[in-house]
Amino acid sequence: MTHVIRRATADDAGRLARLAAVTFPLACPPGSTAADIAAHLAATLSEDHFRAYLADPEITILVIDADGELRGYSLLAARPARDPDVAGALSIMPSTELSKCYVHPDHHGLGAAAELMHASVVEAAGAGARGLWLGVNELNARAIRFYEKSGFRKVGTKSFKLGSTVEHDFVMERPVTQ
């Protein structure tokens with residue numbers, strides 16, 4: 001199987017929503033309810049939401065396209081942090097948010113996530129960012145290890161609303177050049 005990493009287009013919105021329905025639950029804390037996950041998917045990761053993201057000039061979505069099937073995606077938001085806890089924690093400006101970075105479980109362990117991360121860093125740098133930041137649930141040890149291996153370090157904390165539950169995230173940051 002071959003794959004390419006490319007910018008998403010409006011034609012990808014439905015496939016992105018289906019991929020998000022598979023990948024987002026993998027990043028949720030173990031105690032997350034199906035109702036909270038479903039509420040989050042409906043509120044932020046539906047096909048209509050992806051269409052809006054793709055139309056937003058401040059957002060870039062990169063996809064792993066494996067023989068016509070989407071197997072991963074990242075969503076980069078090139079705008080100032082809106083959360084005051086995040087804004088106060090960041091030290092590398094201007095900074096782009098790596099809002100989403102997910103790989104289909106069939107592609108875990110194959111280097112696809114590292115390739116997607118590299119492409120995301122290059123994309124952020126090419127758009128003028130000096131830093132890249134993200135929020136990751138404090139209980140998601142696998143993701144935290146991956147982000148640390150990818151050059152991120154913990155710089156703060158923030159809250160994250162998952163359906164009816166408030167979760168706690170680490171804010172992690174890295175320079176885009178190393």
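Since the structure is predicted, the reported quantities are computational estimates derived from the model, not experimental observations.
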Gap separating the [atom1] atom of [X] from the [atom2] atom of [Y], nearest 0.5 angstrom:
X    : Y    : atom1 : atom2 : answer
M117 : F152 : CE    : CZ    : 4.5 Å
L16  : L45  : CG    : CG    : 9.5 Å
L162 : T33  : CG    : OG1   : 7.0 Å
L54  : D11  : CG    : CG    : 9.5 Å
N140 : R145 : CG    : CZ    : 9.0 Å
E123 : T60  : CD    : OG1   : 4.5 Å

Review point. Can you name the side chain to side chain contact (heavy atoms under 4.5 Å, CB included) partners of S120, sequence neighbours left out?
Key: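 By the side chain to side chain contact (heavy atoms under 4.5 Å, CB included) rule, S120 matches L62, S74, L76, L98, L116.
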
Below 4.5 Å, heavy atoms only, C-beta onward: do [X] and [Y] meet side chain to side chain?
X    : Y    : result
H118 : V121 : no
R15  : L19  : no
E167 : S159 : no
S91  : V155 : no

Exercise for review: For R79, check salt bridge (charged side-chain N to carboxylate O under 4.0 Å, His left out) against everything at least two apart and list the hits.
Suggested key: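 With sequence neighbours excluded, R79 shows a salt bridge (charged side-chain N to carboxylate O under 4.0 Å, His left out) to D56, E58, given in chain and number order.
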
Practice item. Please assess C101 against L134 for the test side-chain contact (heavy atoms from CB on, under 4.5 Å), listing each intermediate value before the final yes or no. Key: CA-CA 9 Å; C101 187; L134 57 87; over 6 Å; no

Please report the shortest heavy-atom distance between [X] and [Y], naming the atom on each side.
X    : Y    : result
G151 : R174 : O-CB, 3.1 Å
L41  : A20  : CD2-O, 3.7 Å
A89  : E173 : O-OE1, 4.4 Å
L139 : P30  : CD1-CD, 4.4 Å
A143 : V136 : CB-CG2, 3.8 Å
V86  : A81  : CG1-CB, 3.6 Å

State yes or no: do [X] and [Y] share one hydrophobic cluster built from I, L, V, M, F, W and Y residues joined by side-chain heavy-atom distances below 4.5 Å, directly or via other members?
X    : Y    : result
V176 : I59  : no
W133 : M93  : yes
L132 : V171 : no
Y73  : V103 : no
I5   : F146 : yes

Point to revise | Option from R6, H3, R71 for which side-chain hydrogen bond (donor to acceptor under 3.5 Å, both in side chains) with D65 holds | key: R6

**Study point:** side chain to side chain donor-acceptor pair (under 3.5 Å) partners of residues 94-104, not counting sequence neighbours, each pair once
**Key:** none

Review point. Is the side chain of R18 donor-acceptor paired with the backbone N or O of L70 at a distance under 3.5 Å, no angle test?
Key: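 Judged by distance alone, no pair lies under 3.5 Å.
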
Study note, to complete from the structure: Residues passing the ring pair (Phe, Tyr, Trp, His ring centres under 6.0 Å) test with Y53, sequence neighbours excluded, are F50

Review point. Distance only, no hydrogens: is a donor on one side chain within 3.5 Å (strictly under) of an acceptor on the other, for E138 and T157?
Key: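 Their side chains do not contain a donor-acceptor pair, so the 3.5 Å distance test is not met.
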
Check your understanding: When you look at NE2 of H108, are more than 12 heavy atoms from neighbouring residues, nucleotides or ligands closer to it than 6.0 Å?
Key ->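 Yes, enclosed.
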
Practice item. For residues 20-45, pull every pair meeting ring pair (Phe, Tyr, Trp, His ring centres under 6.0 Å), keeping only residues two or more places apart or in separate chains. Key: F24-H40, H40-F160

Check your understanding: What's in the same ILVMFWY side-chain cluster as I92, cut-off under 4.5 Å, chained through other members?
Key ->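 Grouped by the 4.5 Å side-chain rule, I92 forms a cluster of one, so the answer is none.
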
